[in-house]
J.: 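Input: one structure, supplied below.
Any value given below was found using the heavy atoms of this structure, including those in side chains, with hydrogens, waters and symmetry copies removed.
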Number of protein chains: 2
Amino acid sequence: MSKKNAFYAQSGGVTAVINASGCGVIETCRAHSDQIGTVYAGQNGIIGALTENLIDTSKESAEDIAALKTTPSGAFGSCRFKLKSLEENKREYERLIEIFKAHDIGYFFYNGGGDSADTCYKVSQLSEKMGFPVQAIHVPKTVDNDLPITDNCPGFGSVAKYIAVSTLEASYDVRSMAATSTKIFVIEVMGRHAGWIAAAGALVEDYGIPVVTLFPEVEFDKDKFIAAVDAKVKEFGYCSIVVSEGCHWPDGTFLAEQGTRDSFGHAQLGGAAPVVANMIKDALDLKFHWAVADYLQRAARHISSASDVEQAYALGKAAVEKALEGKNSIMPTVVRESSNPYKWSIGEAPLSEVANVEKMMPMDFISEDGYGITDKCKEYLYPLIKGEAYPEYDDNGMPKYVTLKNELAAKKLPEFEI
Amino acid sequence: MSKKNAFYAQSGGVTAVINASGCGVIETCRAHSDQIGTVYAGQNGIIGALTENLIDTSKESAEDIAALKTTPSGAFGSCRFKLKSLEENKREYERLIEIFKAHDIGYFFYNGGGDSADTCYKVSQLSEKMGFPVQAIHVPKTVDNDLPITDNCPGFGSVAKYIAVSTLEASYDVRSMAATSTKIFVIEVMGRHAGWIAAAGALVEDYGIPVVTLFPEVEFDKDKFIAAVDAKVKEFGYCSIVVSEGCHWPDGTFLAEQGTRDSFGHAQLGGAAPVVANMIKDALDLKFHWAVADYLQRAARHISSASDVEQAYALGKAAVEKALEGKNSIMPTVVRESSNPYKWSIGEAPLSEVANVEKMMPMDFISEDGYGITDKCKEYLYPLIKGEAYPEYDDNGMPKYVTLKNELAAKKLPEFEI
């Protein structure tokens, strides 16, 4: 059997460590150059495959590929582009297989969340039917932490660390100022469907900080919320609030949509944080500050957790190793052996069980009053934010993040309209 | 001469490194215990002196005092409380001197910005007149970087590093997503009067990032701004925008006040970032994300610059050493010897020349089009963000920040109404 090339693509919202997975994939392929040929990467994700914009990663130096481990974002470009169902758009799947065939690609490593797991699964099925079997392996990535079977998803641990550390730091700040000035600090965090990231902010309770957390899993009750904050301020003199962007009223309306209008009459100008802050101002007349971390949280490679970086790399590496073992249509997973001391290993899950399954935060991770987290949740979270994995810095004091050359391979097929 | 006690207080908005100055003051006093007695710290700043809530720092272990060097916020509490002029409220100044007299305090170390420099100056003058001379030394601190004479102000360098690194990271994120998704990222930074912090965000230009920066020093011109962003997006496919909270229209109205109303009709709900983002959405119809860093930026001890931490400590230490040399009514300063290689030393400035003088950002630091910074500005900024000075982390993965015991000394005087 002649050796096949490989294709790697990054999908969906990028993270601080998705490049670490890419590094794991590429370095492991290079280490097995007797079995795997060139690794092509999709320029801007799967779109790069459809349009035959294939980055030839063999043009990149070993040093630059190694630097991916400490560089946030998607070094080859990512995209928000979900392939429709096979029935609706078989044409796109067939085009993918044609591209793979034209470039002799026998391995498809797709690095993303739930949607890409589904695509990966379908490519594997269809390629067999089309007589050009491709080994499709999904490499998990998502700050939403919502993939099933795997203990956690690379990207989440680093966001969690950023939010836990930032909430602690800002809370210390408010505590210093509370006697005469700011008494309320609100931080808005990502998580439209699940409160995993908000839960990380709630960890600061263990560090003496009065904190009220608003989860998407708990319907918002304004009076109860105000009372909870009031009680904290009366006891501690200040209070931090972590609000998930997905926090919503019983009718499903997001807090962020709560009637905010700009001068042009547009809704949704502000986030949830200013809405919550103003609510407290009205009810309790307390001075507040608020922050919206947005992309800063998922891009913050400077404070990534060591666990997260290691697992991101290990999953990329395992994807290649499992492919070489002949595996197909699977996703390598993180298996938690024990929380204290933290021990984990690499397992695997069939893509048929991963695709289209969303893992929610267990309700027993949220405290009874709905505004905090349980010990069980803490036991789950701490290992994921454990350890620091700093990037190097240059003489200016800026992190050394790599920008790749991203040279495209010559095209072999006619153009394709997406 | 019997040895006198010392009083230290933190004033105004806290920073990632004001405790490092406190550490410098207290450790240096302890090293000279033959000449200086107990160091008292004001509970919540100068208010603690007026109300005789004096923290006895001798109750704190050497280990905890050393940990101040890596702990953000004001460990003794700070306050926003400006003493009125001597004419308007002589009573408060006299109370301060009475407190100093009652607790045998001969050294007053006041750690803050412009207002506290003024207070420090007046205390020094009045104490002499009242026959209980106190050596008043001001220790500079302000993220606003607006104190005169000193090359820079502790606290600023760390905010600058946080904003430069965060802007770079988020820009990498947008660059990854721009093909099919977000093309505009807006980050709002502190600086109501001066664009020092915004200038730090503009540094990412040196790292290949298309960035448009909005300074308080440049009147906002909507059409020109939209055109500048449009040009960057056309050239690079995306654009980052750094907007200072102090950015304003020609009539002085802040962008953040631009007609934003919540459901109760309150103005100023949102910040400048969402206003700018929506402006671009309207004009160019580009997908955007925005972040408001708020307290996260000034509290971010996890990414403090080593220069800043060293200088904060050195200025606290110098304050005590200069007091022991008999100096009075001065502020130790940072003197820049050279930018490349970066060399600095400690100088001093008379408080008469510091009080009520605000140092603005030189106009030749801003590029001709008003949306970037000059080489001169970069040469000034880089040394201030140079080096990393990480805190230690615990086994959970959280930074080890200290919370002091803060035991109060016994009161000796009648109560005082502020």
Side-chain angles (χ1 to χ4, degrees), chain A residues 14 44 47 72-74 77-81 161 164-166 168-170 172-173 175-177 179-181 185 207-208 258-264 266 269-270 274-275 278 282 289-296 298-303 305 382 385-388 393 396-399 401 403, chain B residues 14 44 47 72-74 77-81 161 164-166 168-170 172-173 175-177 179-181 185 207-208 258-264 266 269-270 274-275 278 282 289-296 298-303 305 382 385-388 393 396-399 401 403:
Chain A
V14 296
N44 301 316
I47 285 181
S73 83
S78 183
C79 65
R80 292 210 178 273
F81 180 82
K161 189 175 184 98
V165 171
S166 297
L168 182 68
E169 291 175 333
Y172 264 57
D173 192 309
R175 184 173 71 178
S176 307
M177 305 303 296
T180 56
S181 183
F185 177 72
Y207 293 80
Q258 207 51 21
T260 313
R261 293 270 181 279
D262 70 5
S263 54
F264 309 99
H266 296 139
L269 178 72
V275 172
N278 276 274
D282 284 333
H289 265 253
W290 56 267
V292 176
D294 193 66
Y295 277 4
L296 305 189
R298 75 180 200 193
R301 181 63 186 81
H302 74 271
I303 186 68
S305 92
Y382 281 128
I385 67 167
K386 203 179 168 74
E388 296 67 53
Y393 282 71
N396 287 334
M398 292 288 277
Y401 294 146
T403 296
Chain B
V14 297
N44 301 316
I47 285 181
S73 83
S78 183
C79 65
R80 293 211 178 274
F81 181 83
K161 188 174 186 100
V165 171
S166 298
L168 182 68
E169 291 175 333
Y172 265 57
D173 191 309
R175 184 174 70 178
S176 308
M177 305 303 296
T180 57
S181 183
F185 177 73
Y207 293 80
Q258 208 52 20
T260 312
R261 293 270 182 279
D262 69 6
S263 54
F264 309 99
H266 296 140
L269 179 71
V275 171
N278 275 275
D282 284 332
H289 264 253
W290 57 266
V292 176
D294 193 67
Y295 277 4
L296 305 188
R298 76 180 200 192
R301 182 61 187 82
H302 72 270
I303 186 67
S305 92
Y382 280 129
I385 68 167
K386 202 179 169 72
E388 296 67 53
Y393 282 71
N396 287 335
M398 292 288 279
Y401 294 147
T403 295

J.: Checking the side chain of B/S176 only, and the main-chain atoms of A/G77 only, is there a donor and an acceptor separated by less than 3.5 Å?
T.: no
J.: Name the region of A/S78, side chain, backbone, both or neither, that has any atom closer than 4.5 Å to a heavy atom of chain B.
T.: both
J.: With a 3.5 Å distance limit and no angle check, can you tell me whether B/T180 reaches the backbone of A/R80 through a side-chain donor-acceptor pair?
T.: yes
J.: Report the distance from atom CE of B/M177 to atom OG of A/S73, rounding to the nearest 0.5 Å.
T.: 10.5 Å
J.: Checking heavy atoms, do the side chain of B/I385, its backbone, both or neither come under 4.5 Å from chain A?
T.: both
J.: Using the side chain to side chain donor-acceptor pair (under 3.5 Å) criterion, which residues pair with B/N44? Sequence neighbours excluded.
T.: none
J.: Is there a donor-acceptor pair closer than 3.5 Å between any side-chain N or O of B/E169 and the backbone N or O of A/R301?
T.: yes
J.: Mind ranking B/S305, B/G208, B/A300 by heavy-atom pairs under 4.5 Å with chain A and telling me who comes out on top?
T.: B/A300
J.: Between chain A and each of B/R298, B/H289, B/K386, count heavy-atom pairs under 4.5 Å; write down the option with the most.
T.: B/H289
J.: Would you compute the distance between atom CD1 of B/I303 and atom OG of A/S166 and round it to the nearest 0.5 angstrom?
T.: 11.0 Å
J.: Any chance the side chains of B/T403 and A/Y172 put a donor and an acceptor closer than 3.5 Å?
T.: yes
J.: Evaluate the criterion side chain to side chain contact (heavy atoms under 4.5 Å, CB included) for residue pair B/W290 and A/D294; output intermediate values, then yes/no.
T.: CA-CA 7 Å; B/W290 57 266; A/D294 193 66; 5.8 Å; no
J.: So what's closer than 4.5 Å to chain B heavy atoms on A/Y401: side chain, backbone, both or neither?
T.: both
J.: Under 4.5 Å between any side-chain heavy atoms of B/D173 and A/P72, yes or no?
T.: no
J.: Hey, could you give me the NZ/CE distance between B/K161 and A/M398, rounded to the nearest 0.5 Å?
T.: 8.5 Å
